[in-house]
Amino acid sequence: MKKLRVIDLLKSTDYNSTTEIKGWVRTKRGNKQVAFIAVNDGSTIHNIQLVVDLANFSEETLKPITTGACIHAKGILVQSQGQGQTVEIQVSEITLLGGADDTFPLQKKGHTLEFLREVAHLRPRTNTFGAVLRIRHNMAFAINKYFNDRGFFYLHTPIITGSDAEGAGEMFRVTTLDPVNPPKNEDGTVNYKEDFFGKSTNLTVSGQLEGELGAMALGRIYTFGPTFRAENSNTPRHLAEFWMIEPEMAFYDIADNMDLAEDFLKYLIQYALDNCKDDLEFLNTMYDKELIARLQSVVGNPFERLTYTAAVEVLKSAKKKFEFPVEWGTDLQKEHENYLVEHFKRPVILTDYPKDIKSFYMKLNEDGKTVRAMDILFPWIGEIIGGSQREENYDKLVARMTQMHVPVEEMWWYLDTRKFGACEHSGFGLGFERLILFVTGMTNIRDVIPFPRAPKNAEF
Ligand code: 4AD
Ligand code: MG
């Protein structure tokens with residue numbers, strides 16, 4: 001027999017046919033004659049209702065069928081008389097597959113998100129996390145589809161890296177040396193020549209540099225993998241382990257890069273609106289009444305594009321008093337990013353940042369002061385995408401690396417792309433969890449990844 005899921009049964013009009021379902025009990029209620037058991041199997045936010053005539057079942061059979069238990073039920077699919085569902089199952093046979101006693105932590109509705117983080121191993125069984133995780137899957141699928149449909153190749157860049165040159169964040173060391181008694185050099189420092197890779201290695205902060213190598217061969221690539229940053233940023237928007245999507249394209253300048261990024265984000269949000277309707281409606285009702293309207297508004301309007309310098313002017317003429325004063329040359333703070341997005345009432349793409357606050361690989365503008373960077377700022381989230389046109393000129397790149405103390409010799413392989421067949425190219429990085437935050441309307445990044453990694457937090 002075909003294994004039917006709740007999502008299939010709820011769509012079925014095969015009334016009065018025999019059917020069966022396996023899933024987890026969400027609630028059990030009823031009276032002396034009949035029990036109503038709501039069963040969910042993860043396929044959808046909705047439950048199927050089992051109607052159990054108590055005359056046909058012993059108390060012994062029904063007693064262990066409690067919230068959290070896993071059951072197998074057989075019966076007849078009928079049109080429902082009750083409110084809130086179209087079909088239900090009139091049960092003829094019910095089997096307990098796995099019981100859950102009253103220590104099961106998800107007994108009542110309405111647990112706080114903070115509490116659910118402490119039971120992250122079970123929280124996927126709640127409506128909220130079911131919705132978030134299904135949306136997360138749909139977004140991952142849509143990302144691969146978007147790029148595949150446009151001739152981009154998925155490039156798997158390494159997770160363990162021997163370079164710490166990108167400077168995107170503090171790194172986690174990868175080593176097999178004895179932490180108590182590591183081999184030492186004469187000057188007392190650890191001798192990483194004896195380590196597994198014969199050199200010091202870390203977890204990657206970004207796949208970009210290897211991504212550029214791919215773009216110089218395949219034309220258009222994207223990476224989509226975990227990245228790691230050991231900053232002590234205990235904020236609702238930072239994780240120590242997060243997933244990043246990094247497209248990299250030969251023959252793209254900064255304008256092409258912005259067009260791609262805007263189209264990509266709109267595609268993903270529209271994909272969620274089209275394919276995650278039930279889950280979005282649930283989140284809209286439960287957490288954020290403006291969620292769906294906000295998603296539609298981002299899809300329906302062009303993003304605002306302006307230079308960093310113009311943005312600084314906007315901020316300086318703002319009536320609002322900022323905690324951090326704005327000066328040309330300093331990095332924008334969260335409050336400034338929020339102000340800009342609210343001011344323009346749409347996502348904002350900022351370009352041409354001062355070179356000193358951006359990475360060495362960004363292409364220097366003719367003014368000698370700014371680089372062809374682009375950051376995309378989203379409502380509430382702040383920076384969702386960071387990217388740039390890359391410096392393809394060997395001499396200019398080496399000069400920037402030297403000024404910014406990036407080890408030139410160690411980066412010989414990266415510099416080779418500027419020696420052999422260099423060309424104009426661009427790329428960007430989208431923080432996957434920041435996208436999921438925006439699409440789900442969740443407010444803490446730890447609630448949009450199954451098992452968050454953050455300072456002092458690596459349980460599960
Ligand atoms: O701006 P970032 O640091 O850019 C890069 O890593 C470039 N190599 C990207 C490129 O051009 N290929 O990071 C890119 C995005 C940010 O805009 C943000 O959305 C996300 O990654 N991000 C984080 N997300 C969660 N937790 C963190 N600690 C994050 N740090 C960055
Ligand atoms: Mg950035």
Side-chain angles (χ1 to χ4, degrees), residues 136 139 143 147 152 155 157 161 163-172 203-215 220-249 252 254 257-258 260-261 264-265 268 308 331-334 337 347-351 353-354 357-363 371-391 406 414 425-439 442 444-449 452-455 457:
R136 191 179 158 104
M139 290 294 88
I143 285 162
F147 286 126
F152 286 65
L155 185 78
T157 50
T161 166
S163 88
D164 57 3
E166 215 204 314
E170 291 297 309
M171 302 184 97
F172 290 100
L203 293 178
T204 188
V205 294
S206 154
Q208 180 197 323
L209 302 187
E210 290 90 351
E212 286 187 50
L213 311 180
R220 297 173 196 175
I221 63 91
Y222 68 104
T223 72
F224 185 1
T227 50
F228 307 86
R229 297 190 186 179
E231 305 142 278
N232 200 5
S233 307
N234 244 318
T235 84
R237 291 173 205 83
H238 287 86
L239 288 167
E241 174 179 303
F242 65 99
W243 288 65
M244 191 163 31
I245 301 98
E246 295 184 274
E248 191 72 34
M249 300 76 64
Y252 270 52
I254 185 76
N257 204 23
M258 283 192 271
L260 179 74
F264 178 49
L265 287 170
L268 296 177
Y308 166 93
D331 222 347
L332 298 183
Q333 302 293 324
K334 193 87 217 359
E337 296 179 347
V348 172
I349 312 185
L350 287 188
T351 55
Y353 281 73
I357 58 170
K358 288 293 182 188
S359 303
F360 71 92
Y361 50 70
M362 296 190 180
K363 187 172 174 68
V371 285
R372 264 173 233 180
M374 60 160 215
D375 276 8
I376 303 190
L377 312 180
F378 255 41
W380 190 81
I381 308 287
E383 183 193 328
I384 197 165
I385 278 183
S388 72
Q389 187 171 334
R390 319 304 189 190
E391 182 58 77
V406 178
Y414 181 70
H425 64 289
S426 299
F428 61 81
L430 167 66
F432 188 51
E433 284 75 20
R434 295 211 183 155
L435 171 77
I436 307 301
L437 269 181
F438 184 73
V439 172
M442 291 280 106
N444 192 313
I445 199 162
R446 295 169 198 210
D447 297 333
V448 296
I449 186 164
R453 297 289 178 258
N457 191 338

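Counting starts at 1 for both ligands and their atoms, following the listed order. Nothing fancy with the numbering, it's 1 onward along the sequence.
Side chains of Leu350 and Leu377 form a contact here, defined as non-hydrogen atoms less than 4.5 Å apart. Considering only heavy atoms from C-beta on, Ile245 comes within 4.5 Å of Phe432 through its side chain. Between Met244 and Leu430 there is no side-chain heavy-atom pair separated by less than 4.5 Å. Side-chain contact check for Tyr361 versus Val406: every heavy-atom pair is 4.5 Å or farther apart.
No hydrogens or angles considered: nothing links the side chains of Gln333 and Glu337 as a donor-acceptor pair under 3.5 Å. Judged purely by distance below 3.5 Å, without hydrogens or angles, the side chains of Thr227 and Arg229 never pair a donor atom with an acceptor atom. Side chains of Glu212 and Tyr414: a donor on one and an acceptor on the other come within 3.5 Å.
Of the protein's heavy atoms, Arg434 NH1, 3.5 Å lies nearest to atom 18 (C) of ligand 1. Nearest protein neighbour of atom 7 (C) of ligand 1, counting heavy atoms only, is Gln208 OE1, 3.5 Å. In this structure, atom 20 (C) of ligand 1 lies nearest to the protein heavy atom Gly431 CA, 3.6 Å. Remark: minimum distance from atom 26 (N) of ligand 1 to any protein heavy atom is reached at Leu239 N, 3.0 Å. Of the protein's heavy atoms, Ile384 O, 2.8 Å lies nearest to atom 19 (O) of ligand 1. The protein atom (non-hydrogen) at minimum distance from atom 16 (C) of ligand 1 is Glu383 OE2, 3.3 Å. For atom 15 (C) of ligand 1, the closest heavy atom belonging to the protein is Gly429 O, 3.6 Å.
Contacts of Tyr361 with ligand 1, taken as heavy-atom pairs under 4.0 Å, involve the side chain alone. When heavy-atom distances to ligand 1 are checked against a 4.0 Å cut-off, His238 comes that close through both its backbone and its side chain. Residue contacts with ligand 1 for Ile385 involve N, CA, C or O but no side-chain atom from C-beta outward (heavy atoms, distance under 4.0 Å).
Ion pair Arg446/Glu433 not flagged as a salt bridge, since none of the NZ, NE, NH1 or NH2 atoms sits closer than 4.0 Å to an Asp/Glu carboxylate oxygen. Salt bridge Asp331/Lys358: absent, no basic N to carboxylate O contact under 4.0 Å.
In summary, the atoms of ligand 1 found under 4.0 Å from a heavy atom of Gly387, numbered by their order in the structure, are 11 (O). Those atoms of ligand 1 with a heavy atom of Arg390 less than 4.0 angstrom away are 10 (C), 11 (O), 12 (N). Ligand-side atoms of ligand 1 in range of Arg237: 25 (C), 26 (N), range being under 4.0 angstrom from any heavy atom. Which parts of ligand 1 touch Met244 is read off a 4.0 Å heavy-atom cut-off, strictly below it: atoms 6 (O), 13 (O), 14 (C), 15 (C), 21 (O).
The aromatic rings of Phe264 and Phe428 lie tilted to each other, with the angle between the two planes from 30° to 60°. A perpendicular orientation is assigned to the rings of Phe152 and Tyr252, their planes being inclined by more than 60° (bins at 30° and 60°).
Ring centroid separation for the pair Phe147 and Phe224 does not come in under the 6.0 Å cut-off.
One option in Lys358, Met362, Arg229, Glu248 has a heavy atom closer to atom 30 (N) of ligand 1 than any other, and that option is Arg229. Among Glu246, Arg453, Glu231, the residue whose heavy atom lies nearest to atom 12 (N) of ligand 1 is Glu246. Evaluated by nearest non-hydrogen atom to atom 25 (C) of ligand 1, the leading choice among Phe432, Phe242, Phe428 is Phe242.
Note that the CD1 atom of Ile143 and the CG atom of Leu435 stand 6.0 Å from one another [nearest 0.5 Å].
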- Would you check, one step at a time, whether the test salt bridge (charged side-chain N to carboxylate O under 4.0 Å, His left out) holds for Glu383 with Arg434? CA-CA 8 Å; Glu383 183 193 328; Arg434 295 211 183 155; 5.2 Å; no
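Inclusion of Ser388 in the set of residues having an N or O under 3.5 Å from an N or O of ligand 1 is not warranted.
In this structure, the side chain of Arg136 engages the main chain of Val448 through a donor-acceptor pair within 3.5 Å.
Listed by chain and number, the protein atoms of type N/O/S under 2.8 Å from the Mg ion (ligand 2) are Glu383 OE2; waters are omitted.
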